[in-house]
2 protein chains.
Amino acid sequence: MTIKQVSEIYNISQDTLRYYEKVGMIPTVNRNKSGIRDYTEQDLDWVQTAICMRSAGLPVDVLVEYLKLYKQGDETFEQRLQLLKNQYDKLLKQREQINQTLQKLDYKISRYEIAVKTGKLSWE
Amino acid sequence: MTIKQVSEIYNISQDTLRYYEKVGMIPTVNRNKSGIRDYTEQDLDWVQTAICMRSAGLPVDVLVEYLKLYKQGDETFEQRLQLLKNQYDKLLKQREQINQTLQKLDYKISRYEIAVKTGKLSWE
DNA sequence: ACTTGACTTGGAGTGCACTCCAACTATTAA
DNA sequence: TTAATAGTTGGAGTGCACTCCAAGTCAAGT
């Protein structure tokens with residue numbers, strides 16, 4: 001599968017795909033005789049995971065570290081587990097932060113809905 | 001209240017507080033005769049809200065726009081309402097993204113917990 | 001009187017995550 | 001055969017959100 005197809009499937013730029021590979025967030029993708037990337041199913045798994053993790057806010061360097069450990073083999077199970085748990089905890093905190101902000105926004109929105117009707121913003 | 005106290009209460013740098021004011025995310029804080037910021041209760045409300053919104057990921061320019069509308073007065077209730085609703089929707093999506101990633105991480109973590117025990121990563 | 005320390009400003013610098021660019025190569029279509 | 005299209009690389013540039021810095025002011029302590 002070409003980089004173009006992958007970029008269309010996952011709605012991500014080709015530049016970003018090349019960038020993820022360059023920095024080591026995903027393993028090197030095999031090239032055909034003319035040097036063009038040919039993504040395998042496994043490559044797609046890595047791409048998918050990378051996109052998922054990044055869109056939740058996991059830092060690039062953490063994902064690079066994960067792949068580095070992965071490439072080192074079975075000796076790094078514990079380190080990978082630790083890394084994943086760390087990120088899990090951080091995401092829980094981030095979700096909590098979002099929940100707080102949603103509450104605050106909800107409160108403000110309800111006040112503005114009244115304000116739009118009455119022309120006045122109450123108890124400010 | 002001085003900038004030092006505010007920065008300690010909210011655990012944010014003085015530089016960041018000055019930055020928020022400079023770009024217009026919070027209203028201008030009054031200075032005393034010697035030109036030093038003296039934060040009022042209202043200022044603290046703005047600071048608190050700014051920090052809350054930022055830590056959930058709302059962009060600076062959106063918060064700047066909100067303050068700009070706020071300063072324009074009652075004519076902008078609807079625009080402010082719309083802005084807040086937009087951000088609310090974005091946060092819901094972001095939370096959904098985090099939930100998906102948490103699921104994925106949870107799955108990986110459970111596999112690694114077994115791997116650490118058995119020395120093998122199953123069905124890979 | 002002088003030093004110390006906390007503050008002020010405008011503006012430069014940093015780190016992150018892309019995003020774009022120039023120069024090049026290979027394949028296909030006219 | 002030539003032009004268009006789609007890919008390649010290394011490296012430069014961008015946008016965001018701070019973060020740091022230099023040069024200065026002011027109030028309090030010795």
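Below, read A as the first sequence line, B as the second, and so on, with proteins coming before strands; counting in each chain starts at 1.
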CA sep, side-chain torsions, deciding dist, call: B/Q79, B/L83, side-chain contact (heavy atoms from CB on, under 4.5 Å): CA-CA 6 Å; B/Q79 290 164 73; B/L83 180 153; over 6 Å; no
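Using a 4.5 Å cut-off between side-chain heavy atoms of Ile, Leu, Val, Met, Phe, Trp and Tyr, with links allowed through other members, A/I114 and A/Y107 fall into different hydrophobic clusters.
Formation of a donor-acceptor pair under 3.5 Å by the A/T76 side chain with backbone atoms of A/L69 is found in this model.
Atom OG1 of residue B/T101 and atom CG of residue A/L58 lie 7.0 Å apart, to the nearest 0.5 angstrom. The CD atom of A/Q87 sits 12.0 Å away from the OH atom of A/Y66 when rounded to the nearest 0.5 Å. B/T49 OG1 to A/K104 NZ: the interatomic distance, rounded to the nearest 0.5 Å, is 3.5 Å.
Spacing between atom CG of A/L63 and atom C1' of C/dC16 amounts to 13 Å, rounded to whole angstrom units. The distance between atom CG of B/N32 and atom P of D/dC26, rounded to the nearest whole Å, is 11 Å. Look at CG on B/L17: it is 11 Å from P on D/dT19, rounded to the nearest Å. One atom, CG of A/D61, and another, C1' of C/dA17, lie 11 Å apart when rounded to the nearest Å. Note: CD1 (A/I51) to C1' (C/dA17) measures 14 Å, nearest angstrom. Whole-Å rounding puts the B/E65 CD to D/dC16 P distance at 14 Å.
Between A/T16 and C/dT19, a side-chain N or O to OP1/OP2 separation shorter than 4.0 Å is present. Residue B/Y20 places no side-chain N or O under 4.0 Å from the OP1 or OP2 atom of D/dA17.
Among pairs with a residue in residues 3-32 of chain B, those fulfilling salt bridge (Lys or Arg N to Asp or Glu O under 4.0 Å) read B/K4-B/E8, B/D15-B/R18, B/E21-B/R31, B/E21-B/R37, at least two apart in sequence or across chains.
Ion pairing between B/E96 and B/K93 fails under the 4.0 Å rule for side-chain N and carboxylate O.
Here the rule is side-chain hydrogen bond (donor to acceptor under 3.5 Å, both in side chains) with A/Y112, and of B/Q82, B/K85, B/R80 only B/R80 fits it.
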Measure all distances between protein nitrogen or oxygen atoms and nitrogen or oxygen atoms of nucleotides 2-5 of chain C, and list the pairs falling under 3.5 Å.
none

Would you mind building the protein contact string for nucleotides 2-10 of chain D? One character per nucleotide, 5' to 3', B for base within reach (heavy atoms under 4.0 Å), S for sugar-phosphate only, - for untouched. -----SBBB
